[in-house]
There are 2 protein chains.
Amino acid sequence: MQPIQQKFSVPFQYTVHFTNGLFKLDNPLFKSIFSQDVNAAIRKLLFVIDSEVAKYHPSLIKEIFTYTQQHTDTFKLAAEPIVMPGGEACKNDYALVEQLQQAVNDYGIDRHSYIVAIGGGALLDMVGFAAAVSHRGIRLIRIPTTVLSQNDSGVGVKNSINAFHKKNFLGTFAPPFAVLNDFDFLLTLDDRDWRAGISEAVKVALIKDVNFWQFLRKNAKALAARDMPAMQVLIHRCAQMHMDHIAGGDPFEMGSSRPLDFGHWSAHKLEQLSEYSIRHGEAVAMGIALDCTYSYFTGLLSKDELDEILETLEEIGFSLFSEYWLTKDSNQTLTVIKGLSEFREHLGGKLTIMLLSKIGKGVEVNQVDPELVKKSIYFLQEYSLKVKV
Amino acid sequence: MQPIQQKFSVPFQYTVHFTNGLFKLDNPLFKSIFSQDVNAAIRKLLFVIDSEVAKYHPSLIKEIFTYTQQHTDTFKLAAEPIVMPGGEACKNDYALVEQLQQAVNDYGIDRHSYIVAIGGGALLDMVGFAAAVSHRGIRLIRIPTTVLSQNDSGVGVKNSINAFHKKNFLGTFAPPFAVLNDFDFLLTLDDRDWRAGISEAVKVALIKDVNFWQFLRKNAKALAARDMPAMQVLIHRCAQMHMDHIAGGDPFEMGSSRPLDFGHWSAHKLEQLSEYSIRHGEAVAMGIALDCTYSYFTGLLSKDELDEILETLEEIGFSLFSEYWLTKDSNQTLTVIKGLSEFREHLGGKLTIMLLSKIGKGVEVNQVDPELVKKSIYFLQEYSLKVKV
């Protein structure tokens, strides 16, 4: 009997908006995003809020109530907003996913309702996962509250939680219904979180866009000093590049190539070795420094460009070296080297690592020399000591 | 700041193959499906087998070992095949999902490895869910072993498990890598499972294809007598129609319309009321009888066509009535009527039910008259008694 060929494409679209004071009564943005949903019924919304956000924005929940009461023709709250812990720890706690699924059941949240998640990247990942698997996908509105989530993780198509001590072991690809970046949330970030998100911008600039790099280089000190206009430009540009990459390539990552993982193979390992005391963005900055140094040692990148990159990272306020990089396993091998084989396994057998041939131009390689990685680490250790002196 | 619009399409393709003796050494099909995966490495396979299938096909696991050993240039077993209970009960047991995720972790199954699931629709749903959320989607090869899974659930794009006493509460849309329908598995089905799967073919024929209906009508008794050539035609045609529907419409069901749910709103409720002693396909046959009778009472369908449909269902061997339909709630309302509001909630507020205007032509309506549903149920009760006499 003849085989039957199946072939189709699934179209996805969503918009990332930028605003201030999202739930102020005179801000029409939140209400306006529902105009694309032609379903006539009153939409049911379930808000889930990162407890850190709720703490630093004590009037937020009240604002949401007031805003919702003003627009009962468009939507209603399915229940009181749920406040949950965010940060990487929330991705290790499956009970939170179950609590959300219980809420989906209890409050009759269906495929035409909306879960509105307000928080950092970790909370958005965890809530996104719970939403994506409930009723095979409840619509998700993401309101990212950190630099990292506004310019990178929160504007993309992935969600995840951790399992078996592995980051993002469980997850799906699930484009959001909409993303609402409210810059006001950045005002209450501590300096580490403000800074950490900048590394993803450095990453895309280095591998793809020399003009963006020039902007970052010029504004490095302003960014470190929490200059908001510079940060807004950075977030918009970085989000745009991230989204262009997703749309232009392989949105659900069915192939092997992962160019946006520049600087990430070692960063993941570093986060783990530090038991997540090093934030993702901080680890990525160190991972970028490592991969740039490695690019220099293999002869791909010039010394001048390496210096320019490391100097800029320092100006933004990033550490370029961590003692965790010197952690050794029982064979006296640097543990971080193991990150290479874990990354290879994650990719599916064939290693593909992005390096730099010049600023603004990434190149993929399929082999990495562990000895040169080691040399790069010791180089950065020395470089860091020198800077500090 | 300007909003950023995201827009992309994700292409999916897979093939449903038909064969006999899939793991006989001289059958090249299983090996051949990997030729589309250009990854040079040896593929890792993790088999998961429905315990009922393993029981009725005691040489299956050995055949898999032998077949794999013959093709070590193409793939290897990541571990011994995992045997698990199937049937609806497996979808209520989250521990099975966790066991599979543990195996994914333990055996280093990555996004370029394959999980090969052999079993009935319930097992395929459960394994499919575990695969879809591990590493954001491990490739899944489905080998459906029942009529229902070969012609319907196993060739589509969904997976699921049950939660909060609700069928398919958790799940995703995840097209398989390939589907391999081996007719030999049908030989060991009991009569109920052989028959149950026929109802999905009746369903698509009635709402979409009068020629297919003529085939079913002509072969009703042969199908009841386990005529394999007739069943093969039925499965191929039904699978094709199901796949065409997915590709031609809304594969990930982002809209509200669910035409293939003809006969299903009451069937889901009936399964639940019977505590799943009534199989899905059996409930669908009764649900079809109900919706056709309802179509007749609303004046949509002629009496001749209703008689033809009910007679054919009887010839195939389906019961048209169950005592569970008379179950009443505390207000003395037929509980099955509640299925309507549950179905409406599932669809997201707006009820859309498929009825028949003639054989081969479904029509969607947005209102259902509970009194006429009741009348239809009592009609079928009487009809069934008459037939039995």
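The candidate from B/S9, B/P3, B/G171 with the greatest count of non-hydrogen atom pairs under 4.5 Å with chain A is B/G171. The most heavy-atom pairs under 4.5 Å with chain A, out of B/I4, B/D106, B/T15, come from B/I4. Each of B/M243, B/Q232, B/Q13, B/Q2 has some count of heavy-atom pairs under 4.5 Å with chain A, and the biggest count is that of B/M243. Of the listed residues (B/H17, B/K166, B/Q102), the greatest number of heavy-atom pairs within a distance under 4.5 Å of chain A belongs to B/Q102. When each of B/F173, B/Y14, B/F18 is scored by its heavy-atom pairs under 4.5 Å with chain A, the top score falls to B/Y14. Counting heavy-atom pairs closer than 4.5 Å to chain A, the top-ranked of the candidates B/Y94, B/F183, B/F129 is B/Y94.
Taking the side chain as every heavy atom from C-beta outward, A/S160 and B/R136 approach each other to under 4.5 Å.
Taking the six-membered ring where the residue is Trp, B/Y114 and B/F177 present perpendicular rings, their angle passing 60° and hence far from 30°. Relative ring orientation between B/F215 and B/F212 is described as parallel, the plane-to-plane angle staying below 30° on a 0-90° scale split at 30° and 60°. Taking the six-membered ring where the residue is Trp, A/F8 and B/F252 present perpendicular rings, their angle passing 60° and hence far from 30°.
A ring-centre distance under 6.0 Å is found for A/F30 and A/F75.
Proximity to chain A involves both the backbone and the side chain of B/A239, based on heavy atoms less than 4.5 angstrom apart. Contacts of B/A132 with chain A are made by backbone atoms alone, with heavy-atom separations under 4.5 Å and no side-chain atom involved. Within the 4.5 angstrom heavy-atom criterion, only side-chain atoms of A/V157, from C-beta onward, approach chain B.
Between A/K44 and A/H112, the side chains place no donor N or O within less than 3.5 Å of an acceptor N or O (distance only, hydrogens not considered). Of the N and O atoms on the side chains of A/T19 and A/N27, at least one donor lies less than 3.5 Å from an acceptor on the other residue.
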